[in-house]
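Numbering of residues begins at 1 and proceeds along the displayed sequence. None of these values were measured; they are calculated from a predicted model.
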Amino acid sequence: MARLDGHTALITGAASGFGKGITEAFVREGAAVMITDIDGGSAEALARQLKDGGATVSSARVEITDGSSLDHAFAQCEAELGGLSILVANAGIGQQPAAFLDTSADLLHTHYDVNAVGAVRTCQAGLPALRRHGAGASILITVSGIALVPRPA
């Protein structure tokens, strides 16, 4: 018996990088997974690949700064996969190193909206579905440690 048998997870930023690794690990451990990503085509391609391997998955294009996009994904997850017991708020964006004086306010706002507010909005949107699941539901939030590591510029 795999550790996540009987669980359904929705993972944001799930089509590439760390999110893809989380998705693949959850599938190996028996979870049904809703693969969400701003790149809907990549989310769909990963879902097809995993389905071909026997996984129970679905996919959706999700913009985590858009509440209606999040609401649609959670509704789709419940309708297609039967509920939600694990939420992984993983979506985020990185920044190429740049000189401090060259970092615009617009860039700072974008990063804050996606990396901080987006994670909170994702959790708020998913909480009703997790509550319907009841005891044993979990929220995992991934964050970058880059702010803790000094680097040039």
Side-chain angles (χ1 to χ4, degrees), residues 1-96 106-149:
M1 178 174 184
R3 292 183 290 178
L4 297 177
D5 281 345
H7 285 279
T8 299
L10 183 143
I11 304 170
T12 63
S16 64
F18 193 59
K20 182 178 179 186
I22 294 169
T23 299
E24 293 168 340
F26 275 42
V27 163
R28 274 193 311 274
E29 289 298 329
V33 177
M34 182 71 182
I35 301 165
T36 70
D37 202 282
I38 194 167
D39 181 347
S42 291
E44 186 177 329
L46 179 58
R48 276 194 310 271
Q49 174 191 342
L50 294 170
K51 280 180 186 177
D52 289 347
T56 302
V57 296
S58 187
S59 67
R61 182 192 182 282
V62 172
E63 169 54 60
I64 64 168
T65 61
D66 176 4
S68 64
S69 178
L70 286 164
D71 290 342
H72 175 76
F74 286 105
Q76 182 181 340
C77 180
E78 288 189 288
E80 294 180 6
L81 300 177
L84 180 69
S85 58
I86 303 170
L87 168 58
V88 182
N90 171 71
I93 55 174
Q95 176 182 346
Q96 296 299 317
D106 286 344
L107 181 61
L108 291 173
H109 285 290
T110 298
H111 279 262
Y112 185 74
D113 286 346
V114 173
N115 296 334
V117 177
V120 170
R121 292 182 76 170
T122 298
C123 293
Q124 289 172 328
L127 197 54
L130 292 167
R131 283 182 170 158
R132 282 189 284 279
H133 174 77
S138 300
I139 296 175
L140 307 170
I141 302 172
T142 60
V143 295
S144 172
I146 196 69
L148 305 175
V149 180

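Residues meeting the side chain to side chain contact (heavy atoms under 4.5 Å, CB included) test with Gln76, sequence neighbours left out: Met34, Ser58, Ala60, His72, Glu80. Listed by chain and number, the residues in a side chain to side chain donor-acceptor pair (under 3.5 Å) with Glu29 are Arg3 (sequence neighbours excluded). Checked against side chain to side chain donor-acceptor pair (under 3.5 Å), Asp113 has no partners two or more places apart in sequence or in another chain. Shown here are the side chain to side chain donor-acceptor pair (under 3.5 Å) partners of Glu24, two or more places apart in sequence or in another chain: there are none. When the side chain to side chain donor-acceptor pair (under 3.5 Å) test is applied to Asp39, the partners found at least two apart in sequence or on another chain are Ser42.
Rounding to the nearest 0.5 Å gives a distance of 7.0 Å between OG1 of Thr12 and CG of Leu87. Here the CZ-OG distance, from Arg48 to Ser59, works out to 8.0 Å after rounding to the nearest 0.5 Å. Atoms CZ and CG, on Phe74 and Leu127 in that order, are 9.5 Å from each other to the nearest 0.5 Å. Interatomic distance, Asp66 CG to Ile38 CD1, rounded to the nearest 0.5 Å: 10.0 Å.
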Exercise for the section: Decide yes or no on side chain to side chain contact (heavy atoms under 4.5 Å, CB included) for Thr65 and Val117, but give the supporting numbers first. Expected result: CA-CA 7 Å; Thr65 61; Val117 177; over 6 Å; no
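Listed by first then second residue, pairs satisfying salt bridge (Lys or Arg N to Asp or Glu O under 4.0 Å) with a partner in residues 115-127 number zero, not counting sequence neighbours.
A 4.5 Å side-chain heavy-atom check between Cys77 and Thr8 finds at least one atom pair inside the cut-off. At a threshold of 4.5 Å between non-hydrogen side-chain atoms, the residues His133 and Leu84 do not count as touching. Residues Thr122 and Leu70 are in side-chain contact: their nearest non-hydrogen atoms beyond the backbone lie under 4.5 Å apart. Side-chain atoms of Thr23 and Leu50, non-hydrogen and from C-beta on, do get closer than 4.5 Å to each other. Using a 4.5 Å cut-off on side-chain heavy atoms (C-beta onward), Ile86 and Leu4 make contact. In this structure the side chain of Ile93 reaches within 4.5 angstrom of the side chain of Asn115, judged on heavy atoms.
Asn90 places a side-chain N or O within 3.5 Å of a backbone atom of Gly13 that can act as its donor or acceptor partner. Without hydrogens or angle criteria, Asp52 side chain to Gln49 main chain gives no donor-acceptor distance under 3.5 Å.
Considering every non-hydrogen atom in both Asp71 and Ala125, the closest pair reads OD1-CB, 3.8 Å. Between Ala14 and Asp37, the shortest heavy-atom contact is N-OD2, 3.3 Å. Contact record, Gly30 with Asp5: CA-OD1, 3.4 Å, taken as the closest heavy-atom pair. Considering all non-hydrogen atoms of both residues, Ala91 and Ile64 come closest at CB-CD1, 3.8 Å. Closest of all the heavy-atom pairs between Thr36 and Ala73 is CG2-CB, 4.2 Å. For the pair Val27 and Ala55, the tightest heavy-atom approach, listed with the atom from each and the gap, is CG1-CB, 3.4 Å.
Using modelled atom types, one finds a donor on one side chain and an acceptor on the other under 3.5 Å when comparing His7 with Ser85.
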